[in-house]
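Because only heavy atoms are used, hydrogens play no part in the values below, and waters and symmetry mates are left out as well, while side chains stay in. Chain A is the first sequence line, chain B the second, and so forth, proteins listed ahead of strands; every chain is numbered from 1.
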Amino acid sequence: MSKTPQAIRGTQDIFGPDAEAFAFVVETFERVRKLYRFRRVEMPVFEKTEVFARSIGETTDIVSKEMYSFEDRGGESLTLRPEFTAGIARAYLTNGWQQHAPLKVATHGPLFRYERPQKGRYRQFHQIDAEIIGAAEPQADVELLAMADQVIRELGIEGVTLHLNTLGDGDSREAWRAALVEYFGAVKGELSEDSQERLDKNPLRILDSKDPRDRKFVADAPKIDQFLSDDARAFFGAVTSGLDAAGVKWTRAESLVRGLDYYRHTAFEFIPDEGSAAAGALGSQSTILGGGRYDGLMESLGGHPTPAVGWAAGIERLAMLVGDKGEAPADVIVVVEDDSLMAAGVTTLGKLRAAGLTAEMIASGSPRKRFDKAVKVGALSIVGLSVRDGETNLRIKAEGDMADRVEAIVR
RNA sequence: GCGAUCGUAGCUCAGUUGGUUAGAGCGCCGGUUUGUGGUACCGGAGGUCGGGGGUUCGAGACCCCUCGAUCGCCCCA
């Protein structure tokens with residue numbers, strides 16, 4: 001007797017209503033993505049490790065401790081993708097997709113991060129993803145955000161707001177960063193232990209620290225707006241006025257930053273409003289969709305400077321917010337109440353399916369209980385096949401025109 | 001990587017200060033009843049109490065380790 005192997009920690013076997021909610025998210029995304037004319041791409045699940053290490057940033061937690069990396073049999077270091085953007089950027093460069101620029105692409109699938117699992121957070125998780133590559137104009141940001149907004153609305157998710165910020169261009173961002181280091185460095189002793197560490201590693205992150213010791217300094221911290229170049233300021237202005245024109249509601253979030261090194265200019269997250277049902281459902285995993293502009297990424301992979309914007313959203317998190325998506329009942333259940341009618345049951349089943357009705361058969365277990373079983377399952381109609389006085393008896397139980405439809409097919 | 005709570009049938013859970021063959025409801029299977037139908041009754045299968053070690057005459061209950069889940073922190077979608 002061998003023990004049954006367990007599922008890997010942080011992976012999920014999604015079934016039933018959860019699987020329906022998951023599929024609903026993907027189907028809605030696919031529909032909206034076509035409305036906006038984003039082209040579908042399928043990407044490899046693994047890449048050379050350097051694809052992620054060079055683009056995401058060697059010092060980020062994702063690269064330094066959360067990647068599933070391994071050597072293949074040829075001795076090459078490969079990594080299960082922890083995000084989509086880097087792989088899509090690599091594909092853009094290696095496949096000559098420049099010829100299609102500006103290129104709007106969308107995809108979805110599994111991602112892998114070695115993190116501690118918790119609510120709405122898994123080691124194998126799934127995202128929907130949209131990118132516009134080779135477009136420097138703020139209009140691209142607007143287009144991308146309008147699409148994100150529509151996806152969320154069509155999913156029926158309420159109480160979620162677009163939080164928007166700009167990180168400026170490379171120089172603005174560096175100047176801001178330096179100012180933050182100086183500002184927080186002066187009060188280092190009073191900051192939380194985590195933030196003291198963030199001071200050299202990731203100073204922007206002090207801004208969204210949850211620790212009250214940090215928060216009292218955050219309000220008066222230097223703002224990115226003080227460091228924006230005229231161009232960066234104009235760019236952000238164009239994005240915000242474009243969003244207004246598109247009817248996308250947003251709020252300025254001055255301390256919103258991105259975790260990955262490659263972001264420039266626009267940065268955004270869709271976050272549930274405090275106290276909303278959505279916020280309660282997600283626990284501490286508040287962001288349901290996040291992204292921004294990554295004009296510096298292509299260069300880090302050895303390509304020409306190429307402007308781009310993108311976002312990704314966790315399917316599991318979205319699925320938690322779309323409500324219960326029950327599995328649809330069958331149009332018809334064929335009940336074979338006597339084993340001698342098995343062939344007739346199979347034939348009937350075939351006719352129904354050929355006519356486009358969803359159908360399944362109940363023909364096992366105690367013959368007497370089969371009909372009750374069908375009633376319990378809850379189909380729109382039930383076709384019962386039984387033997388009465390030596391004759392085959394066909395009985396249809398259904399409401400209204402469904403009865404007529406089924407009648408016409410099976411008689 | 002850090003902290004807290006939890007882990008008993010397929011599911012939801014009982015299980016008294018450690019004390020005989022570990023229980024219930026639902027679900028599943030079978031029988032009877034009803035007989036154009038979601039009834040009722042009876043019976044059955046299914047658990048080495050997450051795994052390993054320890055304390056004890058005796059552990060599902062106590063201790064240690066481990067695996068997993070949940071909720072936070074870090075980080076992030």
Q. Over how many whole Å does the gap from A/K369 atom NZ to B/U33 atom C1' extend?
A. 10 Å
Q: Report yes if some heavy atom in the side chain of A/L394 is under 4.5 Å from a heavy atom in the side chain of A/V383; otherwise report no.
A: yes
Q.
Say we look at B/G52 and B/G30: how far apart would their C1' atoms be, to the nearest angstrom?
A. 40 Å
Q. OP1 or OP2 of B/C28 sitting under 4.0 Å from any side-chain N/O of A/K373?
A. no
(Q) Measuring from the side chain of A/R116 (C-beta onward, heavy atoms only), which nucleotide among B/G68, B/C75, B/C73 has the closest atom? (A) B/C73
Q: Measure the distance from NZ on A/K119 to P on B/C71 and round it to the nearest whole Å.
A: 5 Å
Q | B/G58 - base-pair partner by Watson-Crick or wobble geometry, distances under 3.5 Å | A | none
(Q) Without decimals, in angstroms, what is the distance between A/E66 CD and B/C75 P? (A) 10 Å
Q) Counting just side-chain N and O atoms, does A/R317 come under 4.0 Å of either OP1 or OP2 of B/C76? A) no
Q | Check: A/R368 side chain, B/G31 base, donor-acceptor under 3.5 Å | A | no
Q. Across all strands shown, which nucleotide pairs with B/G3 by Watson-Crick or G-U wobble geometry, both distances under 3.5 Å?
A. B/C71
Q.
Taking B/U5 as the reference, what is the distance to B/G10 when you measure between their C1' atoms (whole Å, please)?
A. 25 Å
Q.
Let's test this: given Watson-Crick or G-U wobble pairing with both distances under 3.5 Å, identify the partner of B/G35.
A. none
**Q.** A/K210 side-chain N/O to B/C74 phosphate OP1/OP2 under 4.0 Å
**A.** yes
Q: Using atom CZ of A/R123 as one end and atom P of B/C75 as the other, report the distance to the nearest whole Å.
A: 18 Å
Q) Is any N or O donor-acceptor pair between the side chain of A/R198 and the base of B/C74 shorter than 3.5 Å? A) no
**Q.** Nucleotide opposite B/A45 in a Watson-Crick or G-U pair, distances under 3.5 Å
**A.** none
Q.
Need to verify one output field. Residue with the more 5' nearest nucleotide on RNA chain B, A/E337 or A/A7?
A. A/E337
Q.
What is the distance, to the nearest angstrom, from the CD1 atom on A/I315 to the P atom on B/C76?
A. 21 Å
Q. Could A/R258 and A/Y263 be counted as a cation-pi pair, given that NZ or CZ must be under 6.0 Å from the ring centre and within 45° of the axis?
A. yes
**Q.** Between B/G47 and B/A22 - C1' atom distance, rounded Å
**A.** 9 Å
Q. Has A/S366 got a side-chain N or O lying under 4.0 Å from the OP1 or OP2 atom of B/C29?
A. no
Q) Of A/I8 and A/E269, whose closest RNA chain B nucleotide lies nearer the 5' terminus? A) A/I8
Q | Who pairs with B/U16 - Watson-Crick or G-U, where each distance is under 3.5 Å | A | none
Q) Is A/R113 side chain donor-acceptor paired with the B/A77 base, going by distance under 3.5 Å alone? A) yes
Q) What's the closest nucleotide to the A/T287 side chain, out of B/A77, B/C71, B/G1? A) B/A77
Q. Taking only side-chain nitrogens and oxygens of A/R205, does any of them come within less than 4.0 Å of OP1 or OP2 of B/C74?
A. no
Q.
Under 3.5 Å for both donor-acceptor distances, Watson-Crick or wobble: does B/G27 have a partner, and if so which one?
A. none
Q | NZ/NE/NH1/NH2 to OD/OE distance under 4.0 Å, A/R123 and A/E115 | A | no
Q: Would you check if there is a donor-acceptor pair between the side chains of A/D338 and A/S340 at a distance under 3.5 Å?
A: yes
Q: Evaluate the criterion side-chain contact (heavy atoms from CB on, under 4.5 Å) for residue pair A/E143 and A/Y36; output intermediate values, then yes/no.
A: CA-CA 8 Å; A/E143 166 90 344; A/Y36 284 76; 4.0 Å; yes
Q: Under 4.0 Å between any heavy atoms, over every strand shown, what does A/R370 touch: base, sugar-phosphate, or nothing? Just pick one.
A: nothing
(Q) Using the P atom as the point on both nucleotides, what is the distance between B/G31 and B/U12, in whole Å? (A) 30 Å
Q.
side-chain contact (heavy atoms from CB on, under 4.5 Å) for A/N393 and A/R395? Distances and angles first, verdict last.
A. CA-CA 6 Å; A/N393 181 272; A/R395 175 99 196 160; 4.1 Å; yes
Q. If we take the C1' atom in both B/U56 and B/C63, what is their distance in whole Å?
A. 12 Å
Q.
Without decimals, in angstroms, what is the distance between A/Y122 OH and B/C75 C1'?
A. 17 Å
Q. Between atom CG in A/N393 and atom C1' in B/G37, what is the gap in whole Å?
A. 13 Å
Q. Is it the case that A/R317 and A/H126 place a side-chain donor and acceptor less than 3.5 Å from each other?
A. no
Q.
Nearest whole Å is fine: how far is B/A77 P from A/Q118 CD?
A. 14 Å
(Q) Counting the atoms with a prime plus P, OP1 and OP2 as sugar-phosphate, which does A/Q12 contact under 4.0 Å by heavy atoms, base, sugar-phosphate, or nothing? (A) nothing
